[in-house]
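Chain identifiers are assigned alphabetically (A, B, ...) following the order of the sequence lines, protein sequences preceding nucleic acid strands; residue numbering begins at 1 within each chain.
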2 protein chains.
Amino acid sequence: MSAQNTRNRIIEAADRLFYERGFEATSFAEIAAAVDLSRGNFYYHFKTKDEILEAVLVRRDQATRDMLVAWEGAADTPVERILAFVQMLIVNQAKIMAFGCPIGGLSNELAKLSHPAKAEAIGLFLLFRDWLAGQFVALGRVQDAQELALHLLMRSQGVATLATAFGDEAFVRREVADMTAWLAAQVAATGQTLGS
Amino acid sequence: MSAQNTRNRIIEAADRLFYERGFEATSFAEIAAAVDLSRGNFYYHFKTKDEILEAVLVRRDQATRDMLVAWEGAADTPVERILAFVQMLIVNQAKIMAFGCPIGGLSNELAKLSHPAKAEAIGLFLLFRDWLAGQFVALGRVQDAQELALHLLMRSQGVATLATAFGDEAFVRREVADMTAWLAAQVAATGQTLGS
DNA sequence: GTCTATATCAGGATAGAC
DNA sequence: GTCTATCCTGATATAGAC
């Protein structure tokens, strides 16, 4: 097994465990066990836990960029692209109900720990915000694109948090429908301000 | 110092630390230090960490009920009462930006840990949901009171999460204004369904 | 590149003196 | 009711053999 390959498997497992159990709550032993590696050998690939976190964040950053590019390719209009974002709540419903949003969860945990990598985790939020803002600009909402993007991001975070707490599928469907209706209203109200 | 008094001080410090740093990340030593107590003596009051968590949850439950009763007393109309809930985002802005929502944060952490006290933490959400639903019923929205309550709870969670991530005061003010406008629209649309 | 063995440390928890 | 001293466990991290 090449070092690169093993390294990637470690990052992949750490990514999943950090999401499902949290960063602090995940031990080296768990990651090592997940990739069938001895704890000793683990340190050949990563010296510290923060190094793994860093690698996971880079991986998530790239995965997010790739996903956004894929959404661009899969849809022809800004509205359809924004809906791809909203649909994430349905597509990833099972995972969100069990573990919440990976970005929101990690950002919050790192904020509480005053962890140096906090800014990088928040950077993942920025990728979505800026991409969404770009779609709203394309939609003609140049003035308040950023605000609209944050509003949508806010809703997705709120839905994720309550979905985790209550495990209520009907709630998720209802809120996704409401976000879709909200989006349609924004399209109709091009040039006006948020909420009007 | 009476045992009861010391016990209360421990619960108070644990409540704050669980909020500011997270449950797992808070050690016995930190709580003991916060109340100027030796680690040994600590165990006279609480045998296990879960026992402290339990006491903190009971305290939060009571504090929440008290706050809801206070809101009832301070406002005469359901709309004003619901606005008291929304205004929490402004009143507690500094803490929310630093540490997020105490209920959302704890629920999420306990969910990931599959902790037995998870249901109790979610119970705090239910206090707000049911109280808000009661206000919407009083407002004449009998049919969809529960849905409206969850929608508002969802928004407050989303705002809290992004406020923690971005520390953007203008964003919080804007979203609070938007929630206020949304509420006014619900009052105007009594009898209709969410989002319409 | 992978292993076993081990050092080191922190956190949870207990015993017993005062 | 409070303290000091101590144990145990699990987690990070290292050394060195293969």
We want to know whether B:Gln62 and B:Asp66 form a side-chain donor-acceptor pair, criterion being a heavy-atom distance below 3.5 angstrom.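 Yes, side-chain donor-acceptor contact under 3.5 Å.
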
Side chains of B:Glu72 and B:Trp131: donor-acceptor distance under 3.5 Å anywhere?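 The answer is yes; a qualifying pair exists.
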
Contact list for residues 97-115 of chain A, test side-chain hydrogen bond (donor to acceptor under 3.5 Å, both in side chains), sequence neighbours left out: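 Every pair satisfying side-chain hydrogen bond (donor to acceptor under 3.5 Å, both in side chains) with a residue in residues 97-115 of chain A: A:Asp50-A:His115.
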
Figure out the [atom1]/[atom2] separation between [X] and [N], and round it to whole Å.
X       : N      : atom1 : atom2 : answer
A:Leu53 : D:dT12 : CG    : C1'   : 15 Å
A:Phe46 : C:dG1  : CZ    : P     : 13 Å
A:Phe42 : D:dT14 : CZ    : P     : 13 Å

Under the salt bridge (charged side-chain N to carboxylate O under 4.0 Å, His left out) test, residues paired with A:Arg173 that sit two or more places apart: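 For A:Arg173 the salt bridge (charged side-chain N to carboxylate O under 4.0 Å, His left out) partners, ignoring immediate neighbours, are A:Glu169.
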
Under the side chain to side chain donor-acceptor pair (under 3.5 Å) test, residues paired with A:Asp61 that sit two or more places apart: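 Partners of A:Asp61 by the side chain to side chain donor-acceptor pair (under 3.5 Å) criterion, ordered by chain and then number, come out as A:Arg65.
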
Considering only heavy atoms, which members of residues 17-31 of chain B lie under 4.0 Å from some atom of DNA chain D?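 Nucleic-acid contacts, sorted: none.
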
Tell me every residue that passes side-chain contact (heavy atoms from CB on, under 4.5 Å) with A:Leu83, counting only those two or more places apart in sequence or in another chain.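 Testing A:Leu83 for side-chain contact (heavy atoms from CB on, under 4.5 Å), a comparison that skips the adjacent residues, returns A:Val79, A:Thr180, A:Leu183.
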
Cation over ring face, A:Lys49 and A:Phe23, 6.0 Å, 45°: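 Yes, cation above the ring, under 6.0 Å and within 45°.
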
Protein-nucleotides 14-18 of chain C N/O pairs under 3.5 Å:
none

Ignoring backbone atoms, test whether A:Tyr44 places a side-chain nitrogen or oxygen under 4.0 Å from the OP1 or OP2 oxygen of C:dG1.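 It does, given that an N or O in the side chain of A:Tyr44 lies less than 4.0 Å from OP1 or OP2 of C:dG1.
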
Does B:Thr6 make a side-chain N or O approach to OP1 or OP2 of D:dT2 shorter than 4.0 Å?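 So the side chain of B:Thr6 is within the cut-off, an N or O lying under 4.0 Å from OP1 or OP2 of D:dT2.
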
Taking NZ, NE, NH1 and NH2 as the nitrogens, is one of them in B:Arg16 or B:Glu20 under 4.0 Å from a carboxylate oxygen of the other?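 Judged by the 4.0 Å cut-off on N to carboxylate O distance, B:Arg16 and B:Glu20 do form a salt bridge.
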
